[in-house]
Number of protein chains: 2
Amino acid sequence: MSKSTQREDHLKALYALAHGHASTWVSTSQMAVHLGVKPPSVTAMVQVLSELGWAEHRPYHGARLTATGRKLALSLVRKHRLWETFLVQRLGFGWEEVHDIAEQLEHVDSLELVERLDAYLGHPKSDPHGDPIPKADGTFHPEGEICVLADLDPVVRCKVKGVRDGSDDTLSAMSARGISLGSTLLPEDITTFPVTWLDQLLVCKAQE
Amino acid sequence: MSKSTQREDHLKALYALAHGHASTWVSTSQMAVHLGVKPPSVTAMVQVLSELGWAEHRPYHGARLTATGRKLALSLVRKHRLWETFLVQRLGFGWEEVHDIAEQLEHVDSLELVERLDAYLGHPKSDPHGDPIPKADGTFHPEGEICVLADLDPVVRCKVKGVRDGSDDTLSAMSARGISLGSTLLPEDITTFPVTWLDQLLVCKAQE
DNA sequence: TTGGATTTTTAGTCACGTCTAAAAATGCAC
DNA sequence: GTGCATTTTTAGACGTGACTAAAAATCCAA
Ligand SMILES: [Mn+2]
Ligand SMILES: [Mn+2]
Ligand SMILES: [Mn+2]
Ligand SMILES: [Mn+2]
């Protein structure tokens with residue numbers, strides 16, 4: 001309910017600054033820089049998003065998306081990237097010219113429009129900048145988005161793409177279990193990992 | 001400058017309710033009905049448009065577009081109808097489904113976008129509802145829009161499409177000069193007409 | 001031409017989203 | 001641990017664009 005260009009752009013900022021990792025807290029000042037407004041404005045808006053159930057706000061700590069908020073953010077990213085694709089692929093814009101226009105088009109409200117546009121463009125998997133286009137259900141194509149292992153729901157086979165905040169100890173412990181960049185993790189192994197790892201391992205879904 | 005969806009929609013309402021005749025005064029309550037808001041809201045907005053130099057407001061009488069306002073309104077109508085054409089022609093929407101979506105798309109701000117869209121669609125002359133699409137310079141294709149003779153600038157050869165507020169006397173006086181529905185008026189004749197006729201004769205430009 | 005109904009504007013309020021200035025919380029250096 | 005610099009939130013204000021209620025202008029009918 002209750003959409004608006006501003007709410008939507010704040011939601012997107014939250015998503016973007018967490019690099020798509022729903023578990024990451026984002027500071028209001030980070031968002032302020034990203035959005036080109038002052039921090040108090042972001043605080044106010046984050047409180048609104050929180051009331052709408054789209055974000056969680058821990059005062060003096062930061063904000064992060066709820067599951068609902070993430071879905072909305074993804075639908076915005078989807079629209080943004082589909083429009084960018086349209087502008088480049090069909091209207092012949094240069095890839096560097098399309099961001100600001102898509103920034104406006106993404107707020108046009110019509111599910112039917114997005115789905116028809118997607119079909120018209122041949123269900124593209126990525127936008128002109130190479131960024132992946134979320135599917136209508138909010139998931140990415142396989143080999144799509146990188147996320148924190150904790151965010152993998154349901155837990156499926158995935159590939160290690162990086163480690164966040166890994167101390168030497170952690171890294172060697174992971175190595176000892178056969179985990180390294182590019183290695184594949186199986187659901188049955190993941191359940192036996194130390195819980196702290198779940199927030200540290202950056203992964204993407206592996207092909208079946 | 002200082003555009004906004006609301007200002008733009010009021011501008012369009014003014015244009016639409018005057019049936020494109022820049023000389024016609026439109027009441028604020030008419031606009032209110034058209035826009036789905038209350039009359040005081042329209043009064044306030046019309047005063048803003050007046051400050052911006054886009055409309056003229058004669059209190060307790062009505063509002064009408066200035067030359068600048070008319071140009072802006074025409075560019076909005078152009079965008080609206082081009083997007084409608086895109087939605088039907090390219091995305092396969094039914095012609096009855098596209099109005100509300102175009103109502104949003106028309107506010108996207110990018111000259112480049114409009115012109116590329118126009119070219120992409122093959123410079124269509126009319127939208128899916130048969131309404132003419134203004135050209136980028138704010139004029140219509142020949143045989144396009146009907147206007148009051150007084151609005152013809154410059155005065156060119158045109159065809160009579162109707163008479164507004166014509167008393168029997170006026171009509172017979174016109175007949176006496178050889179004027180009837182469909183007859184062609186030449187610039188040199190027009191200059192000899194009684195001035196009152198200029199606001200009564202509805203015409204459209206005739207092919208050269 | 002006068003009075004009442006109707007239309008339109010003004011006055012005052014509100015929600016939204018922004019700002020600046022001040023207060024509060026945090027966290028880092030010593 | 002205390003104190004100070006930094007970050008963040010709160011407080012208070014403003015502009016936009018909506019509303020309702022009241023006042024003003026207009027129109028029309030007797
Ligand atoms: Mn945007
Ligand atoms: Mn992109
Ligand atoms: Mn509109
Ligand atoms: Mn149309």
Side-chain angles (χ1 to χ4, degrees), chain A residues 1-15 17-18 24-65 69 72-73 76 103-104 106-107 109 165, chain B residues 1-18 24-65 69 72-73 76 103-104 106-109 165:
Chain A
M1 296 305 112
S2 210
K3 294 181 192 173
S4 93
T5 300
Q6 291 319 112
R7 296 206 223 295
E8 291 186 339
D9 279 341
H10 280 74
L11 213 56
K12 263 205 331 166
L14 209 37
Y15 178 84
L17 292 169
T24 306
W25 291 94
V26 177
S27 78
T28 47
S29 47
Q30 259 183 292
M31 291 178 67
V33 171
H34 186 86
L35 292 162
V37 298
K38 302 295 177 182
S41 309
V42 174
T43 301
M45 186 59 82
V46 158
Q47 286 165 350
V48 170
L49 297 185
S50 166
E51 278 158 29
L52 290 167
W54 296 351
E56 193 181 342
H57 183 213
R58 241 177 81 189
Y60 292 102
H61 187 264
R64 67 178 181 184
L65 295 173
L72 285 171
L76 287 164
E103 201 58 48
Q104 299 178 63
E106 70 193 357
H107 303 289
D109 186 26
D165 310 325
Chain B
M1 296 306 116
S2 205
K3 294 180 192 173
S4 94
T5 299
Q6 292 318 113
R7 297 207 222 295
E8 292 186 340
D9 279 341
H10 279 74
L11 214 56
K12 262 202 334 163
L14 210 36
Y15 177 84
L17 293 169
T24 305
W25 292 93
V26 177
S27 77
T28 46
S29 47
Q30 259 183 294
M31 291 178 67
V33 171
H34 187 85
L35 292 161
V37 298
K38 302 294 176 183
S41 309
V42 174
T43 301
M45 186 58 83
V46 157
Q47 286 165 349
V48 170
L49 298 184
S50 166
E51 278 159 28
L52 290 166
W54 297 350
E56 194 181 341
H57 183 213
R58 241 179 81 191
Y60 291 102
H61 187 264
R64 66 179 181 185
L65 295 173
L72 284 171
L76 287 164
E103 200 58 48
Q104 298 178 64
E106 69 192 356
H107 302 290
V108 172
D109 186 25
D165 309 325

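As the structure is a prediction and not an experimental result, all values here were calculated from the model. Keep in mind that the numbers below use all heavy atoms, side chains included, and drop hydrogens, waters and symmetry copies. Chain A is the first sequence line, chain B the second, and so forth, proteins listed ahead of strands; every chain is numbered from 1.
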What is the distance, rounded to the nearest whole Å, between atom [atom1] of [X] and atom [atom2] of [N]?
{"X": "B:Glu51", "N": "D:dG17", "atom1": "CD", "atom2": "C1'", "value": "14 Å"}
{"X": "A:His107", "N": "C:dG17", "atom1": "NE2", "atom2": "P", "value": "12 Å"}
{"X": "B:Met45", "N": "D:dA18", "atom1": "CE", "atom2": "P", "value": "5 Å"}
{"X": "A:Leu35", "N": "C:dT18", "atom1": "CG", "atom2": "P", "value": "8 Å"}
{"X": "B:Lys38", "N": "D:dA22", "atom1": "NZ", "atom2": "C1'", "value": "16 Å"}
{"X": "A:Arg58", "N": "C:dA24", "atom1": "CZ", "atom2": "P", "value": "22 Å"}
{"X": "A:Leu52", "N": "C:dC16", "atom1": "CG", "atom2": "C1'", "value": "12 Å"}

Could you list, one pair per line, each protein nitrogen or oxygen that sits under 3.5 Å from a nitrogen or oxygen of nucleotides 10-12 of chain D, together with the distance?
residue	atom	partner	partner atom	Å
D:dT10	OP2	A:Gln47	NE2	2.7

Let me know which of A:Leu72, A:Leu11, A:Thr24, A:Leu49 forms a side chain to side chain contact (heavy atoms under 4.5 Å, CB included) with A:Leu65.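 Going through the options one by one, the only one that passes is A:Leu11.
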
What residues form a salt bridge (charged side-chain N to carboxylate O under 4.0 Å, His left out) with B:Glu106, not counting sequence neighbours?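 Per chain and number, B:Glu106 pairs via salt bridge (charged side-chain N to carboxylate O under 4.0 Å, His left out) with B:Lys12.
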
May I ask you to say what B:Thr28 touches in the nucleic acid, namely base, sugar-phosphate or nothing, with a heavy-atom cut-off under 4.0 Å?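 B:Thr28: backbone/sugar contact only, no base atoms under 4.0 Å.
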
Quick one: which residue pairs count as a salt bridge (Lys or Arg N to Asp or Glu O under 4.0 Å) with a foot in residues 37-58 of chain B, not counting sequence neighbours?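 Listed once each, the pairs are B:Glu56-B:Arg64.
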
